[in-house]
Amino acid sequence: MNKYRDYDNYLKEYPDEEGYFGRYGGNYLEDPELVKAFREYADGYNTIAQSSKFIAELRYIRRHFQGRPTPTYHCQKLSDKLGMTQIYVKREDLNHTGAHKLNHCMGEGLLAKYMGKKKLIAETGAGQHGVALATAAAYFGMECDIYMGEVDMAKQAPNVSRMKMLGARVVPVTEGARTLKEAVDAAFRAYSEEYHDAIYCIGTAAGPHPFPLMVRDFQKVVGDEAREQFIEQTGHLPDKVVAAVGGGSNAIGAFVPFIADPVEIIGVEPGGRGRETGENAASISYGREGVMHGFNSYMLADEEGQPAAVYSNASGLDYPSVGPEHAMLKDMGRVKYETVSDEEAIEAMFMLSGCEGIIPAIESSHALAYAIRLAREVGKPESVLVNLSGRGDKDIDYVIGKYGLDFADDMGKGLQR
Ligand SMILES: *Cc1c(COP(=O)(O)O)cnc(C)c1O
């Protein structure tokens with residue numbers, strides 16, 4: 001009867017030794033130096049990170065530096081306003097640096113320390129991953145090189161200042177379109193030259209093996225805590241668990257602890273301005289299978305099979321591929337993937353802010369918007385747990401500039417309180 005029983009050994013079964021989640025994932029890198037570097041990385045992860053010493057130190061960091069556990073909060077007023085659905089949020093906005101990204105950056109930094117490395121290398125687009133990694137580097141007293149396209153550096157000046165203040169070196173990338181794609185190439189190049197002293201730290205649950213596995217394991221703390229907190233508060237499991245999917249790290253961390261439970265799981269992709277416009281970043285909903293950045297998954301490609309130009313008003317969600325575990329979970333039918341538009345996300349952002357006193361990131365607002373849609377459509381009492389991946393302070397200038405305070409006023413009349 002319980003169809004979820006099949007998932008009892010899920011974490012043991014996936015990924016396999018080569019880093020495959022079913023047909024997705026793997027390691028398709030060609031540079032022999034990088035292949036060597038990633039093998040060392042995977043070995044390090046499989047041995048060191050499973051030791052009790054490593055686990056104990058990471059637990060200490062989570063508690064005393066990051067401020068974990070973060071709360072799970074019942075949005076009573078928002079729920080009452082919408083009807084019968086009870087909405088709960090896992091407060092990753094209260095994790096140090098204001099989002100879930102630090103969960104895997106601290107794990108990666110700790111692994112670097114145990115592997116005897118002295119430097120952390122990464123690229124960043126909007127700068128959120130760069131800030132989280134620079135924070136980890138400062139904690140561990142390591143050097144930190146963040147590769148960032150010149151165009152992105154100009155757009156995200158406050159995050160550039162943050163990284164520098166945290167002691168990182170921000171390396172401007174001047175090739176091509178001078179944005180994320182070129183920054184990824186530059187960071188990989190640096191890693192293949194420096195891997196004896198440095199490790200590369202990815203920003204999401206994607207990339208070649210062992211990244212999808214490692215990032216999932218480091219993010220699992222979110223779902224583990226939320227599951228326990230939810231049961232403690234309500235005496236039962238949530239009916240549904242919802243999270244936004246960019247590359248997929250906050251979502252996979254929230255999902256896997258519920259994988260063998262009788263709980264519906266929904267990943268929310270950025271629908272942007274809609275499917276027809278091409279201005280979206282819904283890799284699973286609108287994409288197809290393909291290899292990109294060294295792993296196989298669903299991707300949005302142009303006519304030549306190259307990564308497509310993608311768009312979302314949430315800069316943390318505009319990635320043309322997605323973590324391979326999500327691709328497998330989609331094919332298995334265990335997780336459902338839906339889209340939410342730019343505007344729905346902004347509406348959700350204003351509602352939570354005015355109703356509950358929590359300003360969510362636009363990324364997280366996509367997940368919340370889906371829960372709000374459920375609350376309006378489902379005519380029976382049920383509970384929905386939303387992973388609130390980050391805080392929205394970084395987005396306020398953009399949102400008010402683009403949508404105006406009138407939007408907030410309109411919300412105020414009808415919806416806010
Ligand atoms: C980066 C980011 C995301 C998207 O990344 P995932 O790897 O899909 O979780 C979501 N929310 C916030 C707040 C982010 O900073």
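Both counts, for ligands and for their atoms, begin at 1 and track the order of listing.
You'll find the ring centres of F38 and H209 outside the 6.0 Å limit.
Those atoms of ligand 1 with a heavy atom of G246 less than 4.0 angstrom away are 8 (O). Annotation for ligand 1: atoms under 4.0 Å from non-hydrogen atoms of G390 are 13 (C). Near G248, meaning under 4.0 Å from any of its heavy atoms, are these atoms of ligand 1: 6 (P), 7 (O), 8 (O).
Among protein heavy atoms, atom 7 (O) of ligand 1 sits closest to T204 OG1, 2.5 Å. Among protein heavy atoms, atom 5 (O) of ligand 1 sits closest to G316 O, 3.9 Å. Protein heavy atom at the shortest distance from atom 13 (C) of ligand 1 is S389 OG, 3.5 Å.
No part of E92 comes within 4.0 Å of ligand 1, judged by heavy-atom distances. Contacts between K101 and ligand 1 below 4.0 angstrom, taking non-hydrogen atoms only, involve the side chain exclusively.
Ligand 1 has an N or O atom lying under 3.5 Å from an N or O atom of S249, backbone or side chain. For G247, a nitrogen or oxygen atom sits less than 3.5 Å from a nitrogen or oxygen atom of ligand 1, counting backbone and side chain alike.
A cation-pi arrangement is present between R334 and Y7 under the rule of less than 6.0 angstrom and at most 45 degrees off the ring axis.
Looking at R59 and E57, no side-chain N of the basic residue comes within less than 4.0 Å of a carboxylate O on the acidic one, giving no salt bridge. Comment: K77 does not engage E356 in a salt bridge, judged by the lack of any side-chain N to carboxylate O separation of less than 4.0 angstrom.
Under a 4.0 angstrom heavy-atom cut-off, H100 registers as being in contact with ligand 1.
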Given E143 and K118, is the salt bridge (Lys or Arg N to Asp or Glu O under 4.0 Å) satisfied, shown in steps? CA-CA 6 Å; E143 284 177 62; K118 299 184 170 48; over 6 Å; no
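Across K220, Q219, E225, a single residue satisfies side-chain contact (heavy atoms from CB on, under 4.5 Å) together with V222, and that is Q219.
For atom 9 (O) of ligand 1, the choice among I202, V245, N250 with the nearest heavy atom turns out to be N250.
Defined by atom type and a distance below 3.5 Å, a donor-acceptor pair is missing between the side-chain atoms of N250 and E92.
Distance alone, capped at 3.5 Å, places no donor-acceptor pair between the N387 side chain and the A254 backbone.
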